[in-house]
Amino acid sequence: MRAIRTRAPAKVNLSLRVMAREEDGYHQLETVFQALDLWDDVWVRPTAGGVRLELDGPEPCPPEQNLAYRAAATYLARSGIRQGVEIRLAKRMPSGGGLGGGSSDGAAVLRALDALFEGELSTEALNGLAADLGADVPFFLSPSPLALGWGRGDRLLPLPPLPSAPVLLAIPAFSVSTPEAFRELARRRADTEPARPVGALDPELAATWGQISDLAWNDFHGPVFSLKPQLGELHAAMAGTGASVVLLSGSGSSLFALYDDPDARDRAGDDLAARFTEVNWIRTRTLTEMPGVAEGATWPAR
Ligand code: C5P
């Protein structure tokens, strides 16, 4: 039986600005997404009916709530395909820290189903389905690993990829609650003028890593570092290692640093791992292309 294999990469936000709050309570965002060479493995194969998800790794929620499951169920419902699918998801990236893992798993399933059922849904319908699943999902269907995002992060402009850059990721043992981070941000905004650079994000200004380091920004730093002072300390320590950019990803709790060369990243990784032993330090790099799909893959043994 034909199986499709693909990868669900992690992302970081090279810039993240939180704009106005809309009437539905959600904030408009402006962001620059970058995919990383760190991924979950995903296999999909057709069955007679229904959706079955097998998770290889931690299972934080019931399968029906997993975005990989919901992506498949919604795809089958909207396309009217009278078959089912079985999904195997091997979790390799750490979850829940602003790296977009769940969203990326959902997008990977959509990519696999689009290959399996050969474009049964139009590109527009597929992108609409992705946006309905979650604000970060459309980015993971983007043809480029670098993209400008706005709206809730679901409106996208893919940008020309940049050369691969070394990345050091810090994954703390605790998480940050997204609603709490937004609440704290709104509370501080009411007290003080936002310090954010003025003007809209300009795609022309994300054409080199030098430009990226000038626009690197995350509006959550103030609010999240006040909620979790340990993250502020970690950020300061990472900023002292010669990185060109050090930021929270999303509203955390992951932090990432970009370096000019892998040796500088590795020295920083050794130094920081000795000082912050409770943090999971991951050495990776930025992707220069999004993962494709492999057809005719063998189903993985458990
Ligand atoms: O998207 P998610 O359900 O994780 O968001 C959790 C909460 O974070 C929302 O209920 C909202 O309060 C806040 N949020 C927001 N603006 C966004 C995304 C989330 O205010 N763009």
Side-chain angles (χ1 to χ4, degrees), residues 8 10-35 40 58-71 73-74 91 93-110 127-142 147-157 171-172 174-192 194-197 200-201 215 217-228 231 247-255:
K11 62 84 181 158
V12 288
N13 301 87
L14 297 172
S15 175
L16 178 56
R17 303 177 185 194
V18 181
M19 318 302 277
R21 186 160 168 262
E22 304 230 299
E23 279 187 356
D24 62 7
Y26 274 78
H27 291 78
Q28 293 282 305
L29 307 173
E30 278 191 5
T31 189
V32 179
F33 291 111
Q34 168 69 60
D40 294 335
E59 218 152 323
C61 60
E64 304 75 43
Q65 284 172 26
N66 191 297
L67 276 176
Y69 181 101
R70 287 170 47 207
T74 315
K91 291 298 290 179
M93 74 168 104
S95 66
L99 299 177
S103 300
S104 189
D105 294 341
V109 167
L110 293 181
N127 286 334
L129 197 170
D132 291 345
L133 285 174
D136 285 342
V137 182
F139 165 65
F140 293 107
L141 286 185
S142 150
L148 205 62
W150 66 98
R152 286 194 193 175
D154 55 330
R155 310 294 306 276
L156 280 183
L157 178 67
I171 318 287
F174 56 85
S175 58
V176 169
S177 143
T178 305
E180 215 182 312
F182 273 103
R183 263 199 307 277
E184 179 65 11
L185 181 140
R187 196 186 63 75
R188 292 162 64 99
R189 284 248 167 105
D191 293 346
T192 52
R196 177 185 345 117
L201 279 177
L215 63 77
W217 182 266
N218 188 324
D219 273 337
F220 282 111
H221 279 195
V224 168
F225 295 168
S226 90
L227 291 171
K228 303 273 185 195
L231 282 180
L247 290 172
L248 271 177
S249 189
S251 56
S253 61
S254 307
L255 287 155

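In listed order, ligands and their atoms are each counted from 1.
Residues Ala8 and Ser104 approach most closely at C-OG, 3.1 Å, considering heavy atoms.
Remark: aromatic rings of Phe220 and Phe182 are close, center separation under 6.0 Å.
The contact set between ligand 1 and Thr178, taken as ligand atoms under 4.0 Å from a residue heavy atom, comprises 8 (O). Each of the atoms 20 (O) of ligand 1 lies under 4.0 Å from some heavy atom of Gly25. Every atom of ligand 1 with a heavy atom of His27 under 4.0 Å away is listed here by number and element: 15 (C), 16 (N), 17 (C), 20 (O), 21 (N).
Asp105 pairs with exactly one of Val137, Leu67, Asp40 by the side chain to side chain contact (heavy atoms under 4.5 Å, CB included) rule, that one being Asp40. Each of Asp136, Thr31, Asp24 was scored for a side chain to side chain contact (heavy atoms under 4.5 Å, CB included) with Arg152, with one residue passing: Asp24.
Among protein heavy atoms, atom 7 (C) of ligand 1 sits closest to Pro179 CG, 3.8 Å. Protein heavy atom at the shortest distance from atom 5 (O) of ligand 1 is Tyr26 OH, 4.0 Å. In this structure, atom 13 (C) of ligand 1 lies nearest to the protein heavy atom Phe182 CD1, 3.4 Å.
Salt bridge Asp219/Arg189: present, at least one basic N to carboxylate O contact under 4.0 Å.
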